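Here the structure comes first, spelled out in structure tokens, and everything after it is commentary.
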Protein chains: 2
Amino acid sequence: MEADRIPHHPDVRTITLQRVLEAVVDPVRRSIVTQLCDASGDIACGGFDLPVSKSTATHHFRILREAGLIRQYYAGTSRMNALRRDEIDEVFPGLLDAIVTAERPASDAERATAG
Amino acid sequence: MEADRIPHHPDVRTITLQRVLEAVVDPVRRSIVTQLCDASGDIACGGFDLPVSKSTATHHFRILREAGLIRQYYAGTSRMNALRRDEIDEVFPGLLDAIVTAERPASDAERATAG
DNA sequence: ATCAAAGTTTGATCTCCATCGTACTTTCGT
DNA sequence: ACGAAAGTACGATGGAGATCAAACTTTGAT
């Protein structure tokens with residue numbers, strides 16, 4: 001059935017800080033978020049550079065989706081992933097920015113401010 | 001010995017995002033950070049409103065200290081806790097603010113922006 | 001000197017979660 | 001219709017961490 005292929009996404013208002021933090025505390029998931037942030041558009045599950053098996057990756061994508069951080073939709077056999085940037089910024093202003101910025105090497109930050 | 005009573009604090013440069021996130025992902029520890037943020041000064045371990053036993057609280061304080069989020073020092077028999085605000089802001093700008101802001105009820109945020 | 005107060009340490013549980021392999025489902029080419 | 005590609009679902013497993021009680025340490029007050 002096609003209905004099964006439309007996964008559940010939480011409404012913006014039901015997104016909790018607890019779940020968001022639980023999501024981004026994992027390095028693999030944080031890497032997914034970072035890659036989505038740096039990319040120009042959405043990315044298929046297989047398009048990420050991840051150090052885990054496919055089944056583990058699926059697990060991480062689900063955690064991110066249920067936390068409200070990403071939106072997933074099918075494009076053929078591929079499952080695309082989109083960062084819910086604006087919505088997250090709306091509920092938790094500055095959070096995503098701070099994390100992604102902190103994720104980048106220190107030299108980048110120096111270049112941006114004092115460089 | 002008094003030397004034993006000076007716990008180890010990580011240098012600012014050795015503070016990692018991973019450890020900070022692992023620290024704040026726990027609700028009890030996040031509550032400690034929030035209470036420190038809202039308070040005017042430092043707070044003794046016993047001065048916090050926490051839903052755990054004393055030994056568990058000790059555990060949480062250690063995690064926060066080793067992550068670089070708080071500074072601990074003795075004042076008599078009491079162990080005082082200070083938020084390393086400026087230092088954290090230096091390495092991870094905006095992170096603490098975003099988390100503490102997200103922690104507050106939504107009504108507060110509304111009042112601050114649109115109210 | 002004693003005692004209480006404030007934390008710490010230790011050891012033991014207990015739960016949660018990241019991980020994997022295997023089997024399954026769905027879609028797209030041919 | 002068949003096979004390959006892309007993910008998902010399902011157990012199973014292993015390790016990390018949150019929790020507590022009990023014993024201990026240090027300090028301050030009496």
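What you are looking at is a predicted structure, and each value in this text was computed from that prediction instead of being measured. Order of the sequence lines sets the chain letters (A, B, ...), proteins ahead of strands, with each chain counted from 1.
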> With A:Arg30, which residues qualify under salt bridge (Lys or Arg N to Asp or Glu O under 4.0 Å), at least two apart?
Replying inline: A:Glu103

> Quick one: hydrophobic cluster around A:Met80, which other residues, with the 4.5 Å side-chain cut-off, linked directly or via members?
Replying inline: A:Tyr73

> Other than A:Ile63, which residues form its hydrophobic cluster under the rule that side-chain heavy atoms must be closer than 4.5 Å?
Replying inline: none

>> Between A:Arg79 and A:Asp42 (salt bridge meaning N to carboxylate O under 4.0 Å), is one present in this structure?
In response: no

> Should we say atom CZ of B:Arg19 is surrounded by more than 12 heavy atoms from elsewhere, each under 6.0 Å from it?
Replying inline: no

>> Taking CZ in B:Arg85 as the centre, count heavy atoms belonging to other residues, nucleotides or ligands within less than 6.0 Å. Is the count above 12?
In response: yes

> Contacts to DNA chain D from residues 17-25 of chain A, heavy-atom cutoff under 4.0 Å, which residues?
Replying inline: none

>> Within residues 36-70 of chain B, which residues have any heavy atom lying less than 4.0 Å from an atom of DNA chain D?
In response: B:Val52, B:Ser53, B:Ser55, B:Thr56, B:His59, B:His60

> Looking at D:dT27, D:dA5, D:dT8, which one has an atom nearest to any side-chain atom of A:Thr77?
Replying inline: D:dA5

>> Let's see if you can work this out: which of D:dA18, C:dG7, D:dT8 has an atom nearest to the side-chain heavy atoms of B:Arg29?
In response: D:dA18

Whole angstrom is fine here: how far is it from [atom1] in [X] over to [atom2] in [N]?
X       : N      : atom1 : atom2 : value
B:Ile6  : C:dT8  : CD1   : P     : 15 Å
B:Gln72 : C:dA6  : CD    : C1'   : 13 Å
A:Asp26 : C:dC17 : CG    : C1'   : 9 Å

> With sequence neighbours left out, what residues match A:Phe92 under ring pair (Phe, Tyr, Trp, His ring centres under 6.0 Å)?
Replying inline: none

>> If you compare all heavy atoms of B:Ala67 against all heavy atoms of B:Val20, which two are closest, and at what distance to 0.1 Å?
In response: O-CG2, 4.0 Å

>> Is the phosphate of C:dT26 approached by A:Arg79 (side-chain N or O, under 4.0 Å from OP1 or OP2)?
In response: no

